[in-house]
Asks: 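Please see the structure below; I have some questions.
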Amino acid sequence: MRKRESTMKFLMRERVFGIGDDHWITTEHGDKAFLVDGKALRIRETFELKDHHTGEIVAVIKKKMIAVRDTMMVERDGERIATVKKKLITVFRDKYLAELGDAVGGGEIEVHGNFTDHEFTLEQDGRRIAQVSKKWFSVRDTYAIDVADGEDVPLLLSIAVCVDHLHAEEHPHEV
């Protein structure tokens with residue numbers, strides 16, 4: 001019998017990105033976990049992910065201003081830890097790729113699934129490290145992010161936010 005992998009589940013509102021938009025990412029039990037703090041006075045879209053307990057900024061999400069294709073960056077302590085963009089060549093469905101910086105071990109996280117319905121998976125080296133789904137939670141405009149134990153929660157939450165935003169920009173009619 002295969003041992004069930006332990007996970008942490010977080011709830012996030014759809015379409016996080018709005019000028020000056022602040023909201024909470026909660027645990028599945030409704031406890032505040034992270035504040036997404038939208039910075040209204042910045043030239044480009046910028047969001048800080050703050051730990052609820054310490055107030056510490058655990059990730060900064062920025063949209064790259066000039067790029068061949070839409071790209072978002074995740075930074076921690078001023079260092080880029082991930083660059084998220086749509087894969088150029090995909091068969092049948094959209095796929096996104098998060099290229100990780102050396103500060104988080106390098107490599108890539110592939111994101112694939114049904115982005116319109118918020119049903120997608122984050123995989124690293126063929127192993128599922130997070131699952132995004134609306135099926136788990138019935139509140140309108142909210143989806144769950146199930147993160148495997150031992151994973152970098154702020155990084156994975158930030159990547160999910162980036163994918164949601166990039167997909168919404170590319171497919172505004174599906175919003």
Side-chain angles (χ1 to χ4, degrees), residues 2-42 45-63 72-84 96 98 100-101 103-105 109-124 127-169 175:
R2 188 175 160 199
K3 181 182 172 191
R4 185 179 182 281
E5 188 173 295
S6 181
T7 61
M8 296 172 285
K9 196 174 287 179
F10 297 91
L11 303 176
M12 187 177 312
R13 194 179 79 221
E14 284 182 42
R15 309 297 170 236
V16 169
F17 288 82
I19 294 175
D21 186 24
D22 295 349
H23 79 276
W24 289 100
I25 297 173
T26 64
T27 67
E28 64 185 311
H29 306 292
D31 300 322
K32 293 176 180 176
F34 297 96
L35 174 66
V36 179
D37 185 3
K39 298 299 179 186
L41 300 176
R42 304 276 171 95
E45 293 167 295
T46 301
F47 297 84
E48 295 176 344
L49 187 65
K50 296 179 179 178
D51 182 282
H52 166 64
H53 300 292
T54 65
E56 177 186 358
I57 298 170
V58 293
V60 177
I61 303 165
K62 297 178 181 179
K63 182 164 185 197
M72 299 196 77
M73 299 166 297
V74 180
E75 297 177 352
R76 182 179 292 147
D77 299 324
E79 186 173 349
R80 187 175 304 165
I81 59 171
T83 302
V84 181
Y96 292 85
L100 303 178
V104 290
I109 295 174
E110 187 173 282
V111 186
H112 56 86
N114 182 333
F115 301 103
T116 302
D117 292 336
H118 288 88
E119 299 291 333
F120 56 92
T121 302
L122 287 76
E123 291 184 350
Q124 187 172 32
R127 183 177 65 86
R128 184 177 77 189
I129 56 174
Q131 180 75 36
V132 173
S133 180
K134 281 187 93 163
K135 291 178 188 175
W136 296 326
F137 200 66
S138 60
V139 172
R140 187 173 170 238
D141 298 332
T142 300
Y143 59 93
I145 303 173
D146 203 11
V147 178
D149 271 353
E151 297 297 333
D152 186 333
V153 170
L155 172 63
L156 296 178
L157 293 176
S158 296
I159 290 171
V161 167
C162 291
V163 168
D164 185 39
H165 180 64
L166 290 170
H167 183 76
E169 277 195 338
V175 177

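Residue numbers run from 1 in the order of the sequence given.
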Asks: Just verifying a value: how many Å separate Glu28 CD and Leu11 CG, rounded to the nearest 0.5 Å?
Replies: 7.5 Å

Asks: How long is the straight-line distance from OG of Ser158 back to CD1 of Ile81, given to the nearest 0.5 Å?
Replies: 6.5 Å

Asks: Donor-acceptor pair, Arg80 side chain versus Glu75 backbone, under 3.5 Å?
Replies: no

Asks: Of the options Leu166, Leu122, Val84, which is the one that meets Val111 in a side-chain contact (heavy atoms from CB on, under 4.5 Å)?
Replies: Leu122

Asks: Let me confirm one number: the CD1-CG distance from Ile129 to Asp152, rounded to the nearest 0.5 Å.
Replies: 9.0 Å

Asks: Kindly indicate, with the supporting measurements, whether the criterion side chain to side chain contact (heavy atoms under 4.5 Å, CB included) is fulfilled by Ile109 and Leu100.
Replies: CA-CA 7 Å; Ile109 295 174; Leu100 303 178; 3.9 Å; yes

Asks: Classify the ring geometry between Phe115 and Phe120 as parallel (under 30°), tilted (30 to 60°) or perpendicular (over 60°).
Replies: tilted

Asks: Nearest 0.5 Å, what's the CZ-OG1 distance between Phe10 and Thr27?
Replies: 7.5 Å

Asks: To the nearest 0.5 Å, what is the distance between OG1 on Thr46 and NZ on Lys62?
Replies: 6.0 Å

Asks: Can Arg127 and Glu151 be said to form a salt bridge (charged side-chain N to carboxylate O under 4.0 Å, His left out), step by step?
Replies: CA-CA 12 Å; Arg127 183 177 65 86; Glu151 297 297 333; 2.7 Å; yes

Asks: Could you go step by step and tell me if Thr7 and Asp149 meet the side chain to side chain contact (heavy atoms under 4.5 Å, CB included) rule?
Replies: CA-CA 5 Å; Thr7 61; Asp149 271 353; 5.6 Å; no

Asks: Give the intermediate values and the outcome of side chain to side chain contact (heavy atoms under 4.5 Å, CB included) for residues Asp37 and Phe47.
Replies: CA-CA 5 Å; Asp37 185 3; Phe47 297 84; over 6 Å; no

Asks: If we check side-chain contact (heavy atoms from CB on, under 4.5 Å) with Ile25, which of these qualifies: Leu157, Ile145, Val153?
Replies: Leu157

Asks: Between Thr83 and Val74, is any pair of side-chain heavy atoms under 4.5 Å apart?
Replies: no

Asks: With a 4.5 Å heavy-atom cut-off, do Asp164 and Val132 have their side chains touching?
Replies: no

Asks: Are any non-hydrogen side-chain atoms of Lys63 and Cys162 less than 4.5 angstrom apart?
Replies: no

Asks: Using side-chain heavy atoms (C-beta onward) and a distance below 4.5 Å, is His165 in contact with Met72?
Replies: yes

Asks: Under the criterion side-chain hydrogen bond (donor to acceptor under 3.5 Å, both in side chains), I'd like the reasoning laid out for Ser133 against His118: C-alpha separation, chi angles, the key distance, then a yes or no.
Replies: CA-CA 5 Å; Ser133 180; His118 288 88; over 6 Å; no

Asks: Are His112 and Thr121 linked by a side-chain donor-acceptor pair shorter than 3.5 Å?
Replies: no

Asks: Nearest 0.5 angstrom please: Met12 CE to Thr142 OG1, how far?
Replies: 10.5 Å

Asks: Any salt bridge linking Glu119 with Lys134? Criterion: basic side-chain nitrogen under 4.0 Å from a carboxylate oxygen.
Replies: no

Asks: Tell me whether Asp77 contacts the main-chain N or O of Glu79 through its side chain, where contact means a donor paired with an acceptor under 3.5 Å.
Replies: no

